[in-house]
Amino acid sequence: MGRRRVSDHPCLVVCPPGLEARVAEELVALGARPERTGRGGVSVGLTTRRLYAANLFQRCATRILVRADRFTVRTFADLERRIAAIDWSPWLPADAAPRFRVTTRHSKLWHGGAVAERFAAAFPETGGKGFEEGGMGDVAHPLVVVRGVDDRFTVSVDSSGAPLHERGWRQATAKAPLRESVAAGLLASAGWDPSAPLVDPMCGSGTIAIEAALLAAGVPAAADRHLALWDWPSFEPGTWASVGADAARLREAAAVPDGSGMPRIVATDRDAGAIEAARANAERAGVADRIEFRVAPVAVLEPPPGAGGGEPAGLVATNPPWGGRVGGGDLRNLYATLGRVAAERFPGWGIGVLVADRDLARQVRLGLDERLHLDLGGRSAHWLVGRLPA
Ligand SMILES: C[S@@+](CC[C@H](N)C(=O)[O-])C[C@H]1O[C@@H](n2cnc3c(N)ncnc32)[C@H](O)[C@@H]1O
């Protein structure tokens with residue numbers, strides 16, 4: 001590979017399958033031009049500054065990989081030659097002990113472990129063992145992703161570290177928590193305006209409400225976490241500081257010192273343990289003062305007092321349970337109650353319901369449209385969105 005300017009990084013922004021269009025929008029908002037979208041990722045060329053900004057600000061991404069090399073090989077001898085020619089110096093010091101995540105498809109060199117060993121041999125500190133599956137999954141080790149398809153190998157270095165949806169606040173979980181990146185995608189694709197009220201009547205550990213409050217407070221997604229790129233030999237502290245200054249300006253613009261004009265975000269759940277977990281998470285995220293938590297069943301749901309007084313229309317956004325019996329009733333009743341309460345008490349509001357079963361979702365009876373079709377850990381999920389009659 002010819003040397004390229006390190007200010008021009010060919011990247012793959014990895015995301016939960018179904019959020020590619022949202023990720024592409026976030027990249028456009030950062031001034032980048034996404035090139036191609038595949039399942040679970042968006043290709044884009046990023047300057048160093050945009051790479052830093054994408055890691056700091058993107059809410060829907062899982063990680064950002066920077067391509068180090070690309071080649072076609074069919075023998076281990078050729079693979080070793082190509083590995084020896086890779087210039088790792090922008091990303092990994094010679095004493096690094098990276099872990100290698102290798103996947104292959106339709107390739108002569110199909111054995112991931114054997115491919116990883118050849119890569120690990122380039123880094124003495126790995127002791128020649130670098131395959132992630134073999135006990136090197138520790139995020140303290142820099143991650144290198146190797147993908148071989150039809151003998152064509154792409155080698156990428158991870159710039160993010162722990163997955164970007166791990167914002168750092170989640171410790172307490174209720175049942176089936178959503179990823180923070182997915183909650184962000186739901187809010188964006190429902191067109192939620194961060195100055196409008198938001199209600200999640202089945203909030204669980206509070207992910208949707210907390211993500212909304214962070215958005216309203218102008219807190220960047222990666223505000224409180226370590227990024228792998230900070231440890232790169234090519235890391236530019238001055239560039240990072242200038243991206244950080246942008247973030248500080250945004251936060252200042254969103255600040256509401258006396259609390260007036262704060263959007264009302266209400267998170268309720270029938271389970272007291274879930275509300276306790278959600279409140280503890282919101283405190284860690286620094287947004288507990290922006291969310292009103294209550295233990296309550298969906299049936300008694302009300303809009304926040306005063307909502308509808310001139311502010312943009314609010315959003316009911318929720319992720320009901322997907323299976324089993326709940327509280328003695330069945331899921332059909334729960335979905336029907338949600339639809340009835342929303343239609344009666346939230347005129348003119350938007351509504352978004354994340355479901356696994358579209359037949360069950362018909363119980364909501366509101367004529368919702370599918371806005372996102374997601375793959376959440378191998379399970380298909382549909383984000384159905386609509387507007388309640390005024
Ligand atoms: C799939 S979980 C929500 C997970 C949440 N989005 C998160 O990220 O943690 C569904 C929640 O609905 C709550 N729930 C079930 N039936 C309810 C009802 N009738 N009223 C209110 N909440 C209910 C459960 O207690 C559970 O916390």
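Every number for a ligand or one of its atoms is a count from 1 in the order of the listing.
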*asked:* So for Ile208, does at least one of its heavy atoms come nearer than 4.0 angstrom to any atom of ligand 1?
replied: no

*Close N or O approach (Val298, ligand 1; < 3.5 Å)*: yes

*Going by the atom numbers of ligand 1, which of them fall below 4.0 Å from some non-hydrogen atom of Asp271?*
25 (O)

_N/O separation below 3.5 Å, Arg170 to ligand 1_ = no

*Salt bridge between Asp151 and Lys108, side-chain N to carboxylate O under 4.0 Å?*
no

*Could you tell me if any non-hydrogen atom of Ala299 lies under 4.0 Å from any atom of ligand 1?*
no

*Cation-pi between Arg82 and Phe153: NZ/CZ under 6.0 Å from ring centre and within 45° of the ring axis?*
no

*With under 30° as parallel and over 60° as perpendicular, where do the rings of Phe123 and Phe100 fit, or are they tilted in between?*
tilted

*Are the charged groups of Arg358 and Glu370 less than 4.0 angstrom apart, N to O?*
yes

*Return yes when atom CH2 of Trp110 has more than 12 non-hydrogen atoms of other residues, nucleotides or ligands closer than 6.0 Å, and no otherwise.*
no

*In terms of side-chain geometry, is the basic nitrogen of Arg49 or Asp246 positioned less than 4.0 Å from the acidic oxygen of its partner?*
yes

*At a 4.0 Å threshold, what atoms of ligand 1 neighbour a non-hydrogen atom of Pro177?*
7 (C), 8 (O), 9 (O)

*Under 4.0 Å to a heavy atom of Pro297 - the qualifying atoms of ligand 1, by number*: 20 (N), 21 (C)

*How would you list, by chain and number, every residue that makes a ring pair (Phe, Tyr, Trp, His ring centres under 6.0 Å) with His373, sequence neighbours excluded?*
His382

*If you count the atoms of ligand 1 from 1 in the order shown, which ones are under 4.0 Å from a heavy atom of Ser205?*
7 (C), 8 (O), 9 (O)

*Passing option when Arg59 is tested against Arg167, His165, Arg22 for side chain to side chain contact (heavy atoms under 4.5 Å, CB included)*: Arg167

*Below 4.0 angstrom from a heavy atom of Asn319, which ligand 1 atoms are there? Numbered from 1 as shown, please.*
1 (C), 2 (S), 3 (C), 4 (C), 5 (C), 6 (N), 10 (C)

_I want to know if ligand 1 touches Asp200 in the polar sense, i.e. an N/O pair below 3.5 angstrom._
no

*If you count the atoms of ligand 1 from 1 in the order shown, which ones are under 4.0 Å from a heavy atom of Pro201?*
21 (C), 22 (N)

_List ligand 1 atoms under 4.0 Å from Ala296, heavy atoms only on the residue side._
21 (C)

*Would you please say whether a donor-acceptor pair under 3.5 Å links the side chains of Asp231 and His226?*
yes

*Which is closest to atom 27 (O) of ligand 1 by heavy-atom distance: Asp269, Leu331, Thr268, Thr337?*
Asp269

